[in-house]
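Below is one structure, written out as structure tokens, with a few remarks after it.
Remember, it's 1-based here, ligands and their atoms both numbered in the order they're listed. As a basis for the values below, the full set of heavy atoms in this structure was taken, side chains included, without hydrogen atoms, waters or symmetry mates. FYI, the numbering just counts along the sequence from 1.
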Amino acid sequence: MTRARIVGTGMGVPDRVLTNLDLEKIVDTSDEWITTRTGIRERRVAAPHESLSDFAVPAARRALEMAGVKGHEVDLVICATVCPDMPFPATATMIQDRIGADSAAAFDISAACTGFLYALGIARQFIESGAAKTALVIGGEVLSKYLDWNDRSTCVLFGDGAGAVVLQGTEEEDRGLLDVALHSDGSLGELIFRPGGGSLHPPSKEMYESNLPFIKMRGHETFKIAVRSLAEVSNETLRRAGVAHDEVAWFIPHQANRRIIDAVGQRLDIPEDRIYVNIDRFGNTSAASIPICLDELNRAGKIHEGDLVLCSAFGAGLTWGACLVRW
Ligand code: ACO
């Protein structure tokens, strides 16, 4: 059986660093509150002229370079994002053009913080069915552009950036993407949403003068659901793959809140030294969170051949999911 295997990883983030001390000058908050309640110390924020493709294209190029794959060899480009360069065309087509993937299919998908795992699940089907030989999957966001910088309950949480992976088929048994589990519950959509700019609240002077274009989140209610869903979906993939918790070499949870990560780690009984955390440096980068973690770990040489890597994410929709990879 052909399985999809990750053969390259990459990331791209803005140069500009916004620290908690910088935020103290913008809203009524403190470094102490942000650090203790979220684990975030700083995040990367795009400059006014920068957009998603400015981070997604370098992330894609780095992943291709690691994989030793040329742009024209890519036959599928999927970009998971809720911050595309434009409502259309898809940012994936801009990436396709800039990397020279001249015969690739390209499209965006929207599943917020779970977007990368949704895109990975789709790409896996293309590879396993033989519909694509080489797939490029990008998760990227520029959520700083959609934050209400007067709302301290959201503006301190998010950061910008992109991560990418290249997938190819392998016939090796028990290697590559062993499982992907994806879920949703639209009845809880109003826990995290950005209502303005779509066909329900289309662009108008009134819309832009309201707060509809900005992210709204009921964080406290989201917190408990996030912990429960992340633990459940992680267990689901482990159970389906017949893998025990102590066989997991790395657990990469979505980086939304350090307290969520710790609570999920405890529920899964995975020790702290096997849970990857970079929320202190990047904040919540939504769809970029997991591929950025993967690239950091991979480039640091901390993932070894044969290691089991478990990733799980949770976000607006609500959506949640997990994947299990044998490296
Ligand atoms: N600085 C100082 N005080 C603050 C700040 C801030 N930045 N933000 C909120 N507060 C205050 C509140 O006003 C409140 O004050 P009050 O008690 O006087 O009313 C108090 O802190 C506690 O507020 P809570 O919202 O209850 O704080 P909580 O401990 O729940 O932390 C947080 C908030 C960080 C948002 C947390 O609930 C969380 O991480 N939730 C989950 C987020 C998540 O997982 N989102 C999914 C992905 S996002 C996506 O898909 C785009």
Under-4.0 Å heavy-atom contact between protein and atom 5 (C) of ligand 1: yes
Check: Leu318 main-chain N/O paired with Ser184 side-chain donor or acceptor under 3.5 Å: no
N/O separation below 3.5 Å, Ser30 to ligand 1: no
Enumerated ligand 1 atoms positioned under 4.0 Å from heavy atoms of Val156: 7 (N)
Enclosure of Lys216 NZ (heavy-atom neighbours >12, cutoff 6.0 Å): yes
N or O contact, Ser286 vs ligand 1, cut-off under 3.5 Å: no
Option nearest atom 9 (C) of ligand 1 (shortest heavy-atom distance, choices Phe314, Trp320, Trp33): Trp33
Atom 40 (N) of ligand 1 within contact range, any protein heavy atom under 4.0 Å: yes
Thr222, any N or O under 3.5 Å of ligand 1 N or O: no
Partner residues of Gln266 under the side-chain contact (heavy atoms from CB on, under 4.5 Å) criterion, sequence neighbours left out: none
Within 6.0 Å of CZ in Arg281, more than 12 heavy atoms from elsewhere: yes
pair Leu136-Ile78: side-chain heavy atoms closer than 4.5 Å: no
Part of Ile260 within contact of ligand 1 (heavy atoms, under 4.0 Å): side chain
Mode of Thr29 contact toward ligand 1 - side chain, backbone, both, neither (heavy atoms, under 4.0 Å): both
Val27 contact mode with ligand 1 (heavy-atom cut-off under 4.0 Å): neither
Greater than 12 external heavy atoms within 6.0 Å of Gln125's CD: yes
Atom 14 (C) of ligand 1 touched by protein heavy atom at under 4.0 Å: no
Which atom of Ser210 lies closest to which atom of Pro213, heavy atoms considered: O-CD, 3.6 Å
4.0 Å protein heavy-atom contact status of atom 18 (O) of ligand 1, strictly under: no
Short side-chain donor-acceptor distance under 3.5 Å, Ser51 and Asp85: yes
More than 12 heavy atoms of other groups within 6.0 Å of Glu305 CD: no
Minimum non-hydrogen distance to atom 30 (O) of ligand 1, winning option of Met217, Arg259, Arg258, His220: His220
Distance-only N or O hit between ligand 1 and Gly219, under 3.5 Å: yes
Protein heavy-atom partner closest to atom 46 (C) of ligand 1 - residue, atom, separation in Å: Ile192 CD1, 3.6 Å
Residue pair Ala263 / Val227: nearest heavy atoms and the distance that separates them: CB-CG1, 3.9 Å
